[in-house]
Amino acid sequence: VTPAAAPGHSGNTGATGSRRALVLHPYVKRHAAEARRTPEARLEEACGLARAIGLDIAHAEAVPMSRPKPGTLVGEGKIEDLAPLIENGEIEVVVVDAAVTPVQQRNLEKAWKTKVIDRTGLILEIFGERARTREGRLQVELAHLSYQRSRLVRSWTHLERQRGGFGFLGGPGESQLEMDRRLIGDRIVKIKKELEGVVRTRELHRRSRRKVPYPIVALVGYTNAGKSTLFNTLTRAEVMAEDLLFATLDPTMRQLALPSGRKAILSDTVGFISELPHQLVAAFKATLEEVLEADIILHVHDASHPDSEAQAADVREVLHELGVAEDSERVILQALNKLDRLPQEEADLVRNRAPREPGTVAISALGGEGLPELLRLIDERLSLGRTVVDLDVDLADGATIAWLYRHGEVVSRHDDETGIAHLKVGLDPSALGQFESRTLRG
Ligand SMILES: Nc1nc2c(ncn2[C@@H]2O[C@H](COP(=O)(O)OP(=O)(O)OP(=O)(O)O)[C@@H](O)[C@H]2O)c(=O)[nH]1
Ligand SMILES: [Mg+2]
């Protein structure tokens with residue numbers, strides 16, 4: 001693993017916000033063989049997570065263990081080995097990429113005289129920095145509080161304060177240590193209530209959007225797969241796309257024009273990651289449920305990533321957890337992205353593989369390759385549910401005719417001399433339903 005900055009670079013640079021960190025990925029040796037990823041790949045990902053909140057990685061290593069130690073997770077020898085490195089390297093935080101119990105955390109902090117955070121804590125930090133909308137902030141705070149309640153140890157308060165960041169810790173001057181279980185519990189209840197309100201409002205918005213019968217295409221995928229880049233290219237939007245884990249947190253929607261002239265709504269969402277903290281999955285359920293209601297789920301893969309397969313499996317797992325079954329009626333399409341990053345031969349393999357797997361396209365969101373095919377595929381899948389109906393409408397009923405043009409695809413039209421328009425119109429199921437209730441009402 002290459003450290004993010006040259007060693008010797010002075011830490012504690014409050015101005016840039018970069019803090020010196022040490023990243024460890026402890027793993028049980030006999031489990032490593034059957035794991036989806038190598039310990040080195042896991043370590044690399046942990047470093048990516050640490051960099052996502054601006055940590056300056058002075059040292060990173062995978063730590064093999066024959067078995068985890070209940071009191072300290074890693075063995076005494078390793079703790080002693082690392083101690084001078086931490087002290088001389090002015091390490092401000094040690095990231096332990098594993099689930100660390102409160103007791104282990106406390107013991108490690110004591111032994112190393114520095115702050116220790118685990119994988120969940122780190123991911124929560126990232127989400128805390130990224131959340132922009134009120135709902136996102138409430139969701140992250142909720143996840144953070146449930147996490148804290150489960151451990152009730154000192155949180156990463158000084159970093160949060162220096163960053164002037166999220167301020168999970170309630171009122172000014174209040175420290176994690178003073179905030180007991182009951183207070184956290186009260187705050188959780190309060191946030192849940194607020195969240196319900198926000199979700200209800202959004203539900204109303206969603207329903208009114210549903211009245212515009214555009215089908216929804218939701219992008220899902222492992223963090224950094226290229227969802228936002230694809231979103232931007234397809235809709236000419238400017239959502240932050242960065243080589244940063246969890247660049248996107250809040251869902252964004254834009255109109256998407258398809259080759260048939262049909263319109264859809266494209267939705268960009270938060271990325272997934274292996275071992276996504278369950279507190280976060282729970283907190284983001286409402287946001288993700290919106291994804292689940294989409295007419296098409298477009299799973300974006302980073303085909304250039306060595307762990308592309310393992311990442312895809314993780315995404316499928318989260319989708320499954322959220323209740324999306326592969327065999328459900330909803331269409332899941334696969335976009336194998338970043339073709340341009342692959343060496344010629346490997347890219348050709350992906351290009352050849354894609355057409356043999358149903359609903360799969362090889363693309364480059366940056367370079368544009370494969371995007372016309374992708375749009376055609378979306379178009380084709382959306383038209384499967386579409387019904388073409390023959391309608392006779394009084395020419396005097398301009399509102400209905402206008403409605404049909406707006407919400408359906410008028411395939412043919414013939415106005416006769418008695419003042420009737422004979423229309424052949426393609427309607428999506430939702431538009432058809434609305435048309436029927438509209439006619440019944442009228
Ligand atoms: N070479 C190449 N790079 C790409 C392509 N698509 C995306 N990237 C790069 O991959 C990085 C991540 O892209 P994003 O679009 O932010 O990924 P994301 O899936 O939205 O990530 P999160 O929001 O963090 O979940 C950026 O540096 C992009 O420029 C591609 O087709 N080719
Ligand atoms: Mg994104």
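In each ligand, atom 1 is the first atom listed, and ligand 1 is the first ligand listed. Bear in mind that the values here come from a model prediction, so they are computed numbers and not experimental data.
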Any N or O of Lys227 closer than 3.5 Å to N or O of ligand 1: yes
Leu230, portion touching ligand 1 at heavy-atom distance under 4.0 Å: neither
Stepwise side-chain hydrogen bond (donor to acceptor under 3.5 Å, both in side chains) test for Asn107 and Thr72: CA-CA 6 Å; Asn107 287 337; Thr72 52; over 6 Å; no
Check ion pair Asp314-Arg37 (N to O, under 4.0 angstrom): yes
Geometric N/O contact Asn224 with ligand 1, under 3.5 angstrom: yes
Residue part near ligand 1, for Thr229, under 4.0 Å between non-hydrogen atoms: both
Proximal atoms of ligand 1 relative to Ala225 (non-hydrogen, under 4.0 Å): 17 (O), 19 (O)
Donor-acceptor pair, side chain of Ser308 and main chain of Ser304, under 3.5 angstrom: no
Ligand 1 atoms in contact with Thr223 (distance to a heavy atom under 4.0 Å): 22 (P), 24 (O), 25 (O)
Ligand 1 N/O within reach of Leu339 N/O, cut-off under 3.5 Å: no
Leu195 vs Glu135, side-chain contact (heavy atoms from CB on, under 4.5 Å): CA-CA, chis, key distance, verdict: CA-CA 7 Å; Leu195 254 176; Glu135 182 177 6; 3.9 Å; yes
Enumerated ligand 1 atoms positioned under 4.0 Å from heavy atoms of Ser228: 15 (O), 18 (P), 20 (O)
Any N or O of Arg341 closer than 3.5 Å to N or O of ligand 1: no
Charged N-O contact under 4.0 Å between Asp302 and Lys338: yes
Side-chain atoms of residues 94-102: list all donor-acceptor pairs with protein atoms under 3.5 Å, sequence neighbours left out, distances to 0.1 Å.
residue, atom, partner, partner atom, Å
Asp97, OD1, Arg119, NH1, 2.9
Asp97, OD2, His25, ND1, 2.9
Thr101, OG1, Gln104, N, 3.1
Thr101, OG1, Gln104, OE1, 3.4

Metal site the Mg ion (ligand 2): N/O/S of Thr269 inside 2.8 Å: no
Which atom pairs, donor and acceptor, lie under 3.5 Å between side-chain atoms of residues 368-379 and protein residues at least two apart or in another chain?
residue, atom, partner, partner atom, Å
Glu369, OE1, Arg351, NH2, 3.0
Glu369, OE2, Arg351, NE, 2.5
Glu369, OE2, Arg351, NH2, 3.4
Asp379, OD1, Ser260, OG, 2.9
Asp379, OD1, Arg262, NE, 3.1
Asp379, OD2, Ser260, N, 2.8
Asp379, OD2, Ser260, OG, 3.0

Side-chain donor/acceptor of Trp112 to backbone N/O of Ile79, under 3.5 Å: yes
Atoms in ligand 1 flagged as close to Gly271, the criterion being non-hydrogen separation under 4.0 Å: 25 (O)
Steps toward side-chain hydrogen bond (donor to acceptor under 3.5 Å, both in side chains) verdict (His301, Gln311): CA-CA 8 Å; His301 304 239; Gln311 294 184 341; over 6 Å; no
Backbone or side-chain N or O of Gly367 under 3.5 Å from ligand 1 N or O: no
Options Ala365, Gly221, Ser304, ranked by nearest heavy atom to atom 31 (O) of ligand 1, top entry: Ala365
